[in-house]
Amino acid sequence: GKEKWPRGDEKVWKEGSRSVNTDVSSVTKSIVNHVQTSLARQAYNLDNLGAYQAAALSVRDDLILNWNETQMHYTRKAPKRAYYLSLEFLMGRTFDNALLNLGLKDQYREGVTKLGFNMEDLLEQERDAALGNGGLGRLAACYLDSSASQELPVWGYGLRYQYGIFQQLISPEGQQLEQPDPWLAGGENPWELPRLDVSYEVRFYGTAERLPDGRALWQGGQEVLAVAYDVMVPGCYTKNTNNLRLWESKPKRGFDLNSFNAGDYEHAVESSNSAAAITSVLYPNDHTCAQSSISTLGKELRLKQQYFWTAASLADIVRRFKNIGKPFSEFPDYVAIQLNDTHPTLAIPELMRILIDEEEIPWGKAWDIVTNTVFYTNHTVLPEALEKWPVPLMEHLLPRHMQIIYDINLYVVEPSVEKKFPGDRDRLARMSLIEEGFPKQVRMAHLACIGNRKVNGVAELHSDLVKTTILKDFVEFEGQSKFSNVTNGITPRRWLDQCNPELSALISKTLKVDKSVWLKDLDMLKGLLPYAEDAEFRKEWAAIKQRNKERLAHHVETTLGLTVNTNAMFDVQIKRLHEYKRQTLNILGVIHRYLTLKQMSAAERKKVNPRVVFFAGKAAPGYYIAKLTIRLIVNAARIINADPDTRNLLTVYFLPDYSVSLAEVLIPSSDISQHISTAGTEASGTSNMKFCLNGGLLVGTVDGANIEIAEAVGENNVFFFGHLTPAVEDLRYQHMYHPVPVEEKCPALAKVLDKISGGMFGDGGVYEPLLNTIRQNDYYLITEDFDSYIGALEMVDQAYLDKEEWIKKSIRTTANMGKFSSDRAILEYAESFWSIEPVKVT
Ligand code: Z2T
């Protein structure tokens, strides 16, 4: 029969329903309500943490209303949707961002003040959601913000790790120590909705038996449950609030009662632990695949994570598609799946498995569906980062998927390569999904590349390199048109409005445009260009930079107890520690500067512009050389900062435990930032965009997105140095076969290395392994770029002498950064890959 909706009296429902709190008095009412009921506390025993929790719960209520409406609306309209599968989402804090996107910051500030609290103190109470390593995970977070803000029907899928990226401690000797990050331990996370009703069973191990009809029966093994947690992602100045679905693993039954009855309690608990372990921790390696960096057991767990997450996500996507009631031939008209790197590549054989074994679709048709649905983004061309999984492990853990991968090789790769390049057995071996060896390995990038509709890199140069290096054979095989570029972007909401509110306000005032408009149409920043000539405007611009420096200094003072010279130029390099990113080049440059200062007369020193150099970043726990670099930075800083001859002119800080929230304080304060990777190694970089958007000037190599930033802001507003990508290969070859000692190649650098070896910064022997990477084959070309690097920093000093001209450069930089909004990037994905359109919630 026909059900009446709503049940009961419609008027009563209407009266009971609430809408988003938009005025101060309803905000305070809601906060007080949450204090009294949700928290079971009262005014007299409320601290900052409690006040934050109550305010957050109040914002959560608002988000839920919009989120619910959005999801209902998408379901009713049934548009084509896109799904962003990423093993990492580096979200940072949510409270401030949600308030800004909802346009309620002022109301909450006033309300919180009326209740006797300080908004800034409350914001500081929130822990970062640090479910990512670095650029790749933060990019995913920016793309979610832009999808919601552009009203696109996009969902993210990821894992709900109990522990995010480790917390970094630095010992007095400069050693990195890792501590767990139990980010959920504080109690309820107000930004997620546990969906215990949404769950799927995921199988591991067991046997796969081929049936005569082409299907297979995969049985036995271990089954675990994937439970959904939905994180609300509000768009900026829109009702659209998208969803990020994170999976948590649970044992299918609390205990295996059979073994429990048999008295084997330990075994029963163990299998329940092993299910829970799957989503317990984020792997902290950023540019090494699990294959080469972790133990056999750790390897298996990482592969389990990858399959657990892709299987649950695909089951969910397929279920949602089936609810529309269309035939599977139309799957690609309703679903686009973006693979964030090769981590979710198992989505390809998993979707094949679902279509063939469960939906009984013939192999060829299934392959058509898969290759029209899936898209793959590559994020690095560094060979050590390319994922490969041992065939024996795959066969053991995922027997059915291994069959499907062999089938793809047999039915797709081999015949078509043979047809196009008859008899070219070398090419076939190069392109095969399986790499020969002991053991054989599955090449995930090849699988990702063959099983999809489009492959893209993340900046122009990088996308070219993908085509000419790691996937060259596939371009020759499939043609250019499958391969393209989407240059990365960053969300101007967090990376300008939220982290630099004064600059945001000045921009709105100057453009005479409300930020709700220009934040979603970032090319409007161009309107600032004429104001570079306006002395009054320049004064305001410079004053904001100065206050941002003081804000950082205050932060360093309160957290580390160190005093920072805010009259100095702020020079910042913050990113994961890696040899290719060359923090080593930076610290060697700093030491060179120190030695030069020491040799100067007092009169000469008077002419030097003071500089404060900031470093921050985490090293992968097993990355010995990267950790040694931190140690050198910390110990060099200790000596240099203590030297009375120079400390007014040069100080160095390594800020521990780099995070999204720390970046939000550092970035707006920088005069220059360093992006100095060996040419051809940094796929894009995204912090370079954040600094420039906030009016910091870029010191960098001709690499990744640096190149496009220079094109946009003008070469005269950046400081470039170093060899270009085409030279790198030749130089490395020379280093291998015609080595030249550092003393000959670069005497200035040799002197710096000698001082370190000689013990200027403590026991020199400690640093030998690091110094030897430079003295020996110098893979990342420090000796080749050192002189031009020092030259670039001298240009910076020169340019900084003319303050007014410097500020003009800063203004012009910000004004020309519109291209780097993640709105532009996500719209490129939406239009040219996914074919999805905005669905506005009204
Ligand atoms: C990562 O952050 C990046 C690439 C990776 O390759 C892995 C991780 Cl964790 C597997 C970075 C790139 O290094 C950086 O250049 C780029 O801007 C970022 O991804 C987003 O594309």
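All heavy atoms count here, side chains included; hydrogens, waters and symmetry mates do not. Count residues from 1 along the sequence. Atoms within each ligand, like the ligands themselves, are counted from 1 in listed order.
- Of all the heavy atoms of His287, the ones lying under 4.0 Å from any atom of ligand 1 belong exclusively to the side chain.
- For Phe721, the CZ atom is densely surrounded, since the number of other residues' heavy atoms within 6.0 Å is greater than 12.
- In terms of polar-atom proximity, defined here as any N/O pair under 3.5 Å, Gly134 makes no such contact with ligand 1.
- With atom 12 (C) of ligand 1 as the reference point, the heavy atom nearest to it among His379, Arg576, Glu88 is part of His379.
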Go through Asn456 and Thr377 one step at a time and tell me if the side chain to side chain donor-acceptor pair (under 3.5 Å) criterion holds. CA-CA 5 Å; Asn456 75 285; Thr377 306; 2.9 Å; yes

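- The nearest heavy-atom contact from the protein to atom 10 (C) of ligand 1 is Thr380 CG2, 3.4 Å.
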| request: Show the numbers, then the answer: is there a side chain to side chain donor-acceptor pair (under 3.5 Å) between Glu387 and Thr342? | output: CA-CA 7 Å; Glu387 283 195 301; Thr342 53; 2.8 Å; yes

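- Residue Leu382 does not touch ligand 1, judged by heavy-atom distances below 4.0 Å.
- When each of Phe570, Phe654, Tyr658, Phe691 is tested with Phe614 by the rule ring pair (Phe, Tyr, Trp, His ring centres under 6.0 Å), just one qualifies, namely Phe570.
- Among the atoms of Asn488, some N or O lies under 3.5 angstrom from an N or O of ligand 1.
- Considering only non-hydrogen protein atoms, atom 17 (O) of ligand 1 sits nearest to Gly685 N, 2.8 Å.
- With respect to Arg824 and Asp523, no salt bridge is recorded, no charged nitrogen being found less than 4.0 Å from a carboxylate O.
- For Asp286, no nitrogen or oxygen atom sits less than 3.5 Å from a nitrogen or oxygen atom of ligand 1, counting backbone and side chain alike.
- Among the candidates Arg138, Lys520, Arg493, the single residue satisfying the salt bridge (charged side-chain N to carboxylate O under 4.0 Å, His left out) test with Asp145 is Arg493.
- Looking at atom 11 (C) of ligand 1, its nearest protein heavy atom turns out to be Leu136 N, 4.0 Å.
- On a distance-only criterion, Asn285 and ligand 1 share no N/O pair closer than 3.5 Å.
- The distance from ligand 1 to the heavy atoms of Ala683 drops below 4.0 Å at these ligand atoms: 15 (O).
- In this structure, atom 14 (C) of ligand 1 lies nearest to the protein heavy atom Glu682 OE1, 3.4 Å.
- For the side-chain hydrogen bond (donor to acceptor under 3.5 Å, both in side chains) criterion with His675, the lone passing option out of Gln573, Lys575, Glu682, Arg582 is Lys575.
- The shortest N or O to N or O distance between Tyr580 and ligand 1 is below 3.5 Å.
- Ligand 1 has no N or O atom lying under 3.5 Å from any N or O atom of Lys581, backbone or side chain.
- A side-chain N or O of Gln674 and one of Tyr789 form a donor-acceptor pair less than 3.5 Å apart.
- At most 12 non-hydrogen atoms from other residues, nucleotides or ligands lie less than 6.0 angstrom from CD of Glu729.
- Of the N or O atoms in Val458, none lie within a sub-3.5 Å distance of an N or O in ligand 1.
- To the nearest 0.5 Å, the span separating CZ on Arg453 from CZ on Phe833 amounts to 10.0 Å.
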